[in-house]
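Numbers here are sequence positions counted from 1. Because the structure is predicted, anything quoted here is derived from the model rather than measured. Side chains are part of it too, since the values below use all heavy atoms of this structure and drop only hydrogens, waters and symmetry mates.
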Amino acid sequence: MPSIQKALPPELADNVIRLYRECLRRARFIGHQKHNTGLLVSMVREQFKKNMHETDTEKIQKMKDDAARGLINHILYESEKMTGRKFSILQATEAFQPFFSSNKKQLVQA
């Protein structure tokens, strides 16, 4: 079984691994609050394992974009909860720009 870094172009492999780590961090954070850390972490791992042999770069990019959107939505939710201010998704994407190859307008469509 080839490793994910050998199966993908280097620029995709690096981003997928960073995205996976951030998803695990976020799952642990939410799980700690809701007392179901193990379940959330296993769900994240299961989704990444299920798709680890995907080689179509368009499908990979779509899955990465979807995962990053989920992270951004949660970050926005937590930020709004802490500050009481509303944030736009365009403001939040600045922090996660390396995960996206498409323009910001596609993020708003989701």
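In this structure, Y20 OH and R45 CZ are separated by 4.5 Å, a value rounded to the nearest 0.5 Å. Rounded to the nearest 0.5 angstrom, I30 CD1 and H35 NE2 are separated by 13.5 Å. Of the inter-residue distances, the one linking K81 atom NZ with H74 atom NE2 reads 7.0 Å to the nearest 0.5 angstrom. Between the CZ atom of R26 and the CG atom of L40 there is a distance of 12.5 Å, given to the nearest 0.5 Å. Here CD of E46 is found 9.5 Å from CG of L39. Values are rounded to the nearest 0.5 Å. The distance from the CZ atom of R28 to the OG1 atom of T37 is 9.0 Å, given to the nearest 0.5 Å.
Here the side chains of K62 and K59 are not in contact, with every heavy-atom distance at 4.5 Å or above.
The cluster map of Ile, Leu, Val, Met, Phe, Trp and Tyr, joined by side-chain heavy atoms under 4.5 Å apart, puts V16 and V41 in the same cluster.
In this structure, E58 places its CD atom where only 12 or fewer heavy-atom neighbours from other residues, nucleotides or ligands lie under 6.0 Å away.
Chaining together hydrophobic side chains whose heavy atoms lie under 4.5 Å apart leaves M82 on its own.
Minimum heavy-atom separation, M63 to N51: SD-CG, 3.5 Å. Residues V44 and L24 come closest through the heavy atom pair CG1-CD2, 3.8 Å.
Between R69 and D66 there is a salt bridge, with a side-chain nitrogen of the basic residue lying less than 4.0 Å from a carboxylate oxygen of the acidic one.
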Working for side chain to side chain contact (heavy atoms under 4.5 Å, CB included), residues M52 and Q47: CA-CA 9 Å; M52 71 185 284; Q47 285 300 309; over 6 Å; no

